[in-house]
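Chain naming here is simple, since letters A, B, ... match the order of the sequence lines and numbering starts at 1 in each.
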2 protein chains.
Amino acid sequence: MAKYKLLVVEDDPNLGQILNEYLSLKGYETTLCRDGEEGVAAFKRDQYNLCLFDVMLPKKDGFSMAKEIRKDDKETPIIFLTAKSMKADTIEGFKIGADDYITKPFSMEELLLRIQAILRRTADKNPQFSDQKVFDFGSFHFDFDKQLLEGPEGETKLTSKESELLRLLCLHINQPLDRSVALKIIWRDDSYFNARSMDVYIAKLRKLLKQDENIQIITLHGSGFKLITDAKSSE
Amino acid sequence: MAKYKLLVVEDDPNLGQILNEYLSLKGYETTLCRDGEEGVAAFKRDQYNLCLFDVMLPKKDGFSMAKEIRKDDKETPIIFLTAKSMKADTIEGFKIGADDYITKPFSMEELLLRIQAILRRTADKNPQFSDQKVFDFGSFHFDFDKQLLEGPEGETKLTSKESELLRLLCLHINQPLDRSVALKIIWRDDSYFNARSMDVYIAKLRKLLKQDENIQIITLHGSGFKLITDAKSSE
DNA sequence: TTCCTGGTTTAACAAAAATTAACATGTTTT
DNA sequence: AAAACATGTTAATTTTTGTTAAACCAGGAA
């Protein structure tokens with residue numbers, strides 16, 4: 001699963017450093033810029049999932065950055081950080097199209113939770129969290145929406161759970177798919193019984209995929225599964 | 001365009017009154033409940049676009065309400081209001097799946113802006129807000145107001161329930177339509193018998209839609225249905 | 001009023017899907 | 001190698017959905 005990319009613009013080297021480390025630790029890919037111009041340039045150059053802007057910045061303040069970005073991007077969430085108390089500023093920020101507004105000092109944990117709250121809502125709009133619906137692998141053709149798997153031996157109607165699991169495997173093709181990731185996405189809860197249920201579905205899919213001996217679901221003991229496309233040649 | 005519906009749960013009669021008036025004035029349709037149990041009951045009965053919960057409430061506090069609601073609804077945004085300062089509580093709230101957290105005293109304008117910031121992101125997930133009345137899909141033409149479905153084999157007069165359900169499916173075309181969403185909107189109440197009734201209507205619609213084999217209502221077991229159109233051209 | 005009538009809900013049973021159980025097999029740890 | 005644990009596999013059980021028909025219910029006609 002791809003990482004979320006965050007653009008952090010903060011001129012205080014201390015805070016910048018801390019933000020960077022903390023967010024990386026929490027599994028985000030962060031880019032840190034020191035002033036507003038750098039920030040805007042970085043945003044235009046790369047694809048980010050969320051912006052974290054200090055309001056007071058050298059060269060170009062956070063609001064100006066947001067205005068510039070919002071000209072051609074109304075989507076990417078922006079969170080402002082500020083030392084100022086509230087009111088006028090806060091309101092100004094929201095009007096520009098901010099998604100949240102955090103006053104210093106704040107706890108890292110709160111920041112993280114606010115970031116997560118926002119990303120949760122935008123997740124499926126991000127291309128790397130693909131919404132691909134049709135997959136071709138080996139001699140199979142899989143249509144997620146129609147819940148239909150076509151293989152050498154004909155069509156098979158899949159159930160919802162079979163489809164969801166196969167889709168996740170396809171999205172990670174030749175890459176590991178983590179058990180708990182799959183469980184959280186499909187079953188919404190990583191628990192013992194759901195895990196066993198998933199194992200049952202893996203068995204079902206394996207049976208279906210036998211039609212093409214080059215395709216296989218291999219077990220990554222203790223961590224998950226991997227759908228591989230070149231089962232034969234690997235020996 | 002339909003109005004956004006907000007569920008406000010606040011026991012302080014004064015603040016409740018003010019919130020209600022202010023938000024109505026700003027174009028929202030609000031339901032005000034005085035305690036947690038009322039609130040949960042209201043949420044289960046009707047479809048809301050956003051919840052505004054005081055944390056400290058009689059009978060059932062805001063967090064418990066959120067937990068209960070999140071069991072089967074991960075979508076509807078929840079904002080907590082609280083007098084307490086921060087930290088432990090805030091974090092607890094976000095973990096439950098809150099979208100924002102506002103400490104009293106707050107300005108009405110800030111509250112409004114935070115509500116707007118969240119609704120902006122969820123707006124397009126609420127297709128039921130569309131007032132579209134005429135739909136073309138596959139070889140069908142469906143007029144909701146006239147309750148008329150035209151297909152390859154001619155016109156069919158629909159009943160009002162058939163029309164409402166087909167409209168919801170059309171609004172979510174190629175996307176999942178949640179059972180409980182449909183039930184709350186059409187039947188105003190997600191209960192066992194209404195659910196069975198809905199299943200009967202799904203069967204009726206399926207029979208009608210057989211005229212075009214490229215159109216299908218897929219079952220999303222345990223969650224809902226999906227009206228799909230065959231995008232065969234993509235191959 | 002009573003009798004139709006069309007729409008909707010409820011009932012009853014069938015079928016499908018998902019979960020749980022039970023036991024087999026494999027993997028890691030000690 | 002034994003113990004502890006994770007996964008494979010099949011079958012039993014439970015839950016959800018499909019389908020048809022009968023019951024119900026309101027509104028209009030006789």
Does this structure show an ion pair linking B/Lys44 with B/Glu68, if we count only N-O contacts that are shorter than 4.0 Å? yes

Under-4.0 Å salt bridge between B/Asp99 and B/Arg120: no

When the nearest nucleotide of DNA chain C is assigned to B/Asn194 and to A/Ser160 on a heavy-atom basis, which residue is associated with the more 5' position? B/Asn194

Most 5' of B/Ser197 and A/Lys161 on DNA chain C, judged by nearest nucleotide: B/Ser197

Check whether the side chains of B/Asn194 and B/Ser197 place a donor and an acceptor atom closer than 3.5 Å, and report yes or no. no

If a protein heavy atom is under 4.0 Å from the base, mark B; if only from the sugar-phosphate, S; if neither, -; do that for nucleotides 16-29 of chain D going 5' to 3'. SBBBB---------

Apply salt bridge (Lys or Arg N to Asp or Glu O under 4.0 Å) to A/Asp199 and list each qualifying residue two or more places apart in sequence or on a separate chain. A/Arg179, A/Arg196

Using whole Å, what does the distance between atom P of nucleotide D/dT9 and atom CE of A/Met198 come to? 14 Å

Using whole Å, what does the distance between atom P of nucleotide D/dG8 and atom CD1 of A/Ile217 come to? 9 Å

Using a heavy-atom cut-off of 4.0 Å to chain B, what are the terminal contacting nucleotides of DNA chain C, in 5' to 3' order? C/dG7 to C/dA18

Report yes if the distance between the aromatic ring centroids of A/Phe135 and A/Phe140 is under 6.0 Å, otherwise no. no

Those residues that, when tested against B/Tyr201, pass ring-ring contact (aromatic ring centres under 6.0 Å, His included) (two or more places apart): none

B/Thr219: what forms a side chain to side chain donor-acceptor pair (under 3.5 Å) with it, not counting sequence neighbours? B/Arg206

Taking only residues two or more places apart in sequence or in another chain, which ones pass side chain to side chain donor-acceptor pair (under 3.5 Å) with B/Asp46? none

Using a heavy-atom cut-off of under 4.0 Å over every strand shown, decide if B/Thr159 touches base, sugar-phosphate, or nothing. sugar-phosphate

